[in-house]
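Here's the structure, in structure tokens; my notes come after.
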Amino acid sequence: MQAGKPILYSYFRSSCSWRVRIALALKSIDYETIPINLIKDGGQQFSEEFQALNPMKQVPALKIDGITIGQSNLSVLKQVGQENQLTWAQKAITSGFNALEQILQSTAGRYCVGDEVSMADLCLVPQVANAERFKVDLTPYPTISRINKTLLALEAFQVSHPCRQPDTPPELRA
């Protein structure tokens, strides 16, 4: 590993990890990925080794020059419970997309805010993927769908996609 190279502790399907991967790709920052499987062995984020790195026990964790930054939202799904996840996720995503579709009527250009990729776009694409995963009907959201399609054509969004990560299971690879 080259000195000073950032390390991203990531899970392929984590939307939060995806946002970080997009940002790193947009900035052409070379980094190393260390997969942290959130399901295997009861969740590798709970291992003593990972807890020493990130006491929050969440991905992503980005280590740059000895400093580790972390953030995630899988804990919410765990609190909801397996039997309620689909309904809860559909309701949460639909509520957010109803508001966002209206907001985009006054802010959207090629992307969420005009014609330059912004943080809003880095959040949009993983959330649309979550919507697809949780079977949310995207028909009522034509602006969101158009922007998502435009963003997915960009290299940074393609190389960071969950289906192209080192820890993506073979059956989910592109």
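When atom types are taken as modelled, the side chain of S160 and the backbone of F157 share a donor-acceptor pair closer than 3.5 angstrom. The backbone N or O of A153 lies less than 3.5 Å from a partner atom in the side chain of Q158, making a donor-acceptor pair. With hydrogens and angles disregarded, a donor-acceptor distance shorter than 3.5 Å links the side chain of Q44 to the backbone of N37. Under the 3.5 Å distance criterion, the side-chain polar atoms of N148 are left unmatched by any main-chain donor or acceptor of I144. Formation of a donor-acceptor pair under 3.5 Å by the Q51 side chain with backbone atoms of K57 is not found in this model.
Partners of T139 by side-chain hydrogen bond (donor to acceptor under 3.5 Å, both in side chains), not counting sequence neighbours, listed by chain and number: D137. Remark: S118 pairs with D121 by the side-chain hydrogen bond (donor to acceptor under 3.5 Å, both in side chains) rule, at least two apart or across chains. Listed by chain and residue number, E101, T143 satisfy the side-chain contact (heavy atoms from CB on, under 4.5 Å) test with Q105 (two or more places apart in sequence, or in another chain). In this view, S145 and L138 satisfy the side-chain contact (heavy atoms from CB on, under 4.5 Å) rule, not counting sequence neighbours. The ring pair (Phe, Tyr, Trp, His ring centres under 6.0 Å) test applied to Y141 returns F97, not counting sequence neighbours. Not a single side-chain hydrogen bond (donor to acceptor under 3.5 Å, both in side chains) links D115 to another residue, sequence neighbours left out.
One distance of note links CG of L151 with CD1 of I147; it measures 7.5 Å at 0.5 Å rounding. Rounded to the nearest 0.5 angstrom, R146 CZ and T150 OG1 are separated by 6.0 Å. How far CD of E132 is from CD of Q127: 11.0 Å, rounded to the nearest 0.5 Å. Rounding to the nearest 0.5 Å gives a distance of 9.0 Å between OG of S10 and CD1 of I36. Expressed to the nearest 0.5 Å, how far NZ of K91 lies from OG of S95 amounts to 8.5 Å. One distance of note links CE of M119 with CD1 of I22; it measures 9.0 Å at 0.5 Å rounding.
Applying the ring pair (Phe, Tyr, Trp, His ring centres under 6.0 Å) definition to pairs two or more places apart or across chains, none involves residues 106-139. Counting only residues at least two apart or on different chains, the ring pair (Phe, Tyr, Trp, His ring centres under 6.0 Å) pairs with a member in residues 10-30 are W18-H161. Applying the side-chain hydrogen bond (donor to acceptor under 3.5 Å, both in side chains) test to every pair with at least one member in residues 163-173, sequence neighbours left out, gives these pairs: R21-Q165.
Applying the 4.5 Å side-chain rule to ILVMFWY residues, one finds L8, V20, L24, Y31, L62, I64 in the same cluster as I29.
Hydrophobic clustering, with ILVMFWY side chains joined whenever heavy atoms are under 4.5 angstrom apart, groups L152 together with V117. Each of I103 and L124 belongs to its own hydrophobic cluster when Ile, Leu, Val, Met, Phe, Trp and Tyr are linked at side-chain heavy-atom distances under 4.5 angstrom. In the hydrophobic clustering of this structure, V113 does not group with L26; members are Ile, Leu, Val, Met, Phe, Trp, Tyr whose side-chain heavy atoms approach within less than 4.5 Å, directly or through other members. Cluster membership for I7 and F50, using ILVMFWY side-chain heavy atoms within less than 4.5 angstrom, is shared. One hydrophobic cluster, built from ILVMFWY side chains closer than 4.5 Å, cannot hold both M56 and I39; they sit in different ones.
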List the steps and the verdict of side-chain contact (heavy atoms from CB on, under 4.5 Å) for C112 and L104.
CA-CA 6 Å; C112 288; L104 291 174; 3.9 Å; yes
Stepwise, does the side-chain contact (heavy atoms from CB on, under 4.5 Å) test hold for R110 with E116?
CA-CA 8 Å; R110 184 170 173 84; E116 296 290 327; over 6 Å; no
Residue pair N54, Q45: steps toward the side-chain contact (heavy atoms from CB on, under 4.5 Å) verdict
CA-CA 9 Å; N54 183 4; Q45 72 274 26; over 6 Å; no
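In terms of heavy atoms, N130 sits closest to S15 at ND2-OG, 3.4 Å. Between K5 and E32, the closest heavy-atom pair is CE-N, 3.9 Å. Of all non-hydrogen atoms in R19 and L122, the two that sit nearest each other are CG-O, 2.9 Å. Closest heavy-atom contact between K135 and Q90: O-NE2, 3.5 Å.
The 12-atom threshold is not exceeded at CD of E155, counting heavy atoms of other residues, nucleotides or ligands nearer than 6.0 Å.
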